[in-house]
Amino acid sequence: MPSPNESLAALRKSYERAELDEIRSAADPLDQFERWLAEAIDAQVPEPNAMTLATVGGDLRPSTRIVLVKGYDARGIVWYTNYHSRKGQELAGNPYAALQFHWVELERVVRIEGRVARVDEAESDAYFASRPLDSRIGAWASPQSEVISGRDVLVKNAALQAAKHLLSPPRPPHWGGFRLVPDRWEFWQGRKSRLHDRLRYRAEGGAWVRERLAP
């Protein structure tokens, strides 16, 4: 049996589920995103709200991680995290980031780029209050991205925080939301023979310019 590495070059997939063109795509990228997100949810793809967040630190090293989108509107795309985490610190130093949704079953990718800022405290408070109790305790218990000696540190911290806050833990001051304000979107639809459809939207003069990119 060949090793996984030896098999990689032979892996092939033909993308033939759908197409994306300038006529049927929305003029506003937010409308196109909402349409595709709804189709991903309706198709019951695993975790349709999961997205890759890419940031760049002061050492110019990029890093990625998966986060969950928790809201979107004309103001931008929102997620929540620990502000002291690696991503939080990198965004504090460089407020530009990129997001990517990959809905494998639909052979679709959405890429979003733009400037990031924290959401206001009232918005973070409201979302935090809606989270399950264990998740609220976890936000206090985990020193995210810091080195710890073992899992027992998290278990002990969670027990201490649960005893301290009981059923009403407030939002930690180091935890809250970020909003990415898009200035570029790209919608990728897999097509046969690797001649994929790629439509990019870029902000220009208060409007969106839609253009096709070669795959």
Side-chain angles (χ1 to χ4, degrees), residues 28-34 36-37 40 47-104 108-128 131 135-136 138-148 154 170-188 198-211 213-215:
D28 188 307
L30 186 64
D31 293 338
Q32 183 64 35
F33 172 71
E34 185 168 56
W36 271 18
L37 178 59
E47 296 194 277
N49 57 331
M51 59 186 183
T52 300
L53 165 64
T55 57
V56 177
D59 57 1
L60 302 184
R61 293 176 65 98
S63 62
T64 65
R65 73 286 292 162
I66 302 297
V67 297
L68 302 179
V69 60
K70 290 300 179 180
Y72 67 91
D73 55 26
R75 296 173 297 167
I77 312 295
V78 174
W79 67 94
Y80 292 85
T81 191
N82 186 317
Y83 290 140
H84 294 170
S85 64
R86 179 178 178 181
K87 56 186 172 296
Q89 294 183 46
E90 290 183 344
L91 287 170
N94 175 12
Y96 290 91
L99 304 171
Q100 178 171 290
F101 292 84
H102 186 193
W103 298 310
V104 178
R108 288 174 174 172
V109 173
V110 180
R111 297 177 58 247
I112 313 166
E113 300 175 28
R115 188 177 178 90
V116 178
R118 293 186 184 187
V119 305
D120 63 47
E121 293 192 359
E123 192 171 349
S124 288
D125 287 341
Y127 174 70
F128 188 80
R131 304 182 85 206
S135 297
R136 284 178 280 155
W140 282 99
S142 175
Q144 193 174 117
S145 299
E146 293 184 14
V147 176
I148 57 176
L154 298 177
R171 178 178 64 86
H174 57 266
W175 191 98
F178 282 110
R179 175 177 285 107
L180 182 143
V181 181
D183 54 28
R184 291 186 183 182
W185 297 73
E186 183 182 324
F187 296 85
W188 181 96
R198 294 176 62 190
L199 293 186
R200 179 176 67 186
Y201 297 71
R202 55 182 175 84
E204 185 176 288
W208 289 104
V209 176
R210 180 179 48 187
E211 49 203 359
L213 302 180

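Values below: all heavy atoms of this structure, side chains included; hydrogens, waters and symmetry mates excluded.
The two atoms that bring P143 and I148 nearest to each other are CG-CG2, 4.0 Å, heavy atoms only. Shortest non-hydrogen contact noted between L37 and P48 is CD1-O, 3.8 Å. Shown here for S124 and Y83, the closest heavy-atom pair between the two residues is OG-OH, 4.1 Å. In terms of heavy atoms, R131 sits closest to A139 at NH1-CB, 4.1 Å. Taking both residues in full, the closest heavy atoms of L154 and S142 are given as CD2-CA, 4.0 Å, listed atom of the first, atom of the second, then distance. What you find for W208 and P182 is that their closest heavy atoms are CH2-O, 3.6 Å.
Checked against ring pair (Phe, Tyr, Trp, His ring centres under 6.0 Å), F101 has the following partners two or more places apart in sequence or in another chain: F33, W103.
Between the CZ atom in R210 and the OH atom in Y201 there is a gap of 5.0 Å [rounded to 0.5 Å]. Taken to the nearest 0.5 Å, the CG atom of D120 stands 9.0 Å off from the CG atom of D125. Rounding to the nearest 0.5 Å gives a distance of 6.0 Å between CZ of R179 and CG of D73. Taking CG of L180 as the reference point, atom CD1 of I112 lies at 7.0 Å (rounded to 0.5 Å).
Looking at heavy atoms from C-beta onward, Q32 lies out of side-chain contact with L199 at the 4.5 angstrom threshold. Using a 4.5 Å cut-off on side-chain heavy atoms (C-beta onward), N82 and S145 make no contact. Within the 4.5 Å cutoff, side-chain heavy atoms of T81 are placed close to those of Q144. Two residues are said to be in side-chain contact when any heavy atoms from C-beta on lie closer than 4.5 Å; M51 and I77 meet this criterion. Considering only heavy atoms from C-beta on, E113 comes within 4.5 Å of D183 through its side chain. In this structure the side chain of R171 never reaches within 4.5 angstrom of the side chain of Y127, judged on heavy atoms.
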Stepwise side-chain contact (heavy atoms from CB on, under 4.5 Å) test for L30 and W185: CA-CA 9 Å; L30 186 64; W185 297 73; 4.1 Å; yes
Salt bridge (Lys or Arg N to Asp or Glu O under 4.0 Å) evaluation trace for E186 with R184: CA-CA 7 Å; E186 183 182 324; R184 291 186 183 182; over 6 Å; no
Verdict with reasoning, W79 to V69, per side-chain contact (heavy atoms from CB on, under 4.5 Å): CA-CA 5 Å; W79 67 94; V69 60; 5.8 Å; no
Working for side-chain contact (heavy atoms from CB on, under 4.5 Å), residues V78 and E123: CA-CA 10 Å; V78 174; E123 192 171 349; 4.3 Å; yes
side-chain contact (heavy atoms from CB on, under 4.5 Å) between V67 and F178, intermediate numbers included: CA-CA 11 Å; V67 297; F178 282 110; over 6 Å; no
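Taking a 6.0 Å sphere around CD of E211, one finds it holds more than 12 heavy atoms contributed by other residues, nucleotides or ligands.
A side chain to side chain donor-acceptor pair (under 3.5 Å) check over residues 49-67, counting only residues at least two apart or in different chains, returns the pairs T55-S63, T55-R65, T55-E90, S63-R65, S63-E90.
Considering W140, Y80, W175 in turn, W175 is the only one that fulfils the ring pair (Phe, Tyr, Trp, His ring centres under 6.0 Å) rule with F128.
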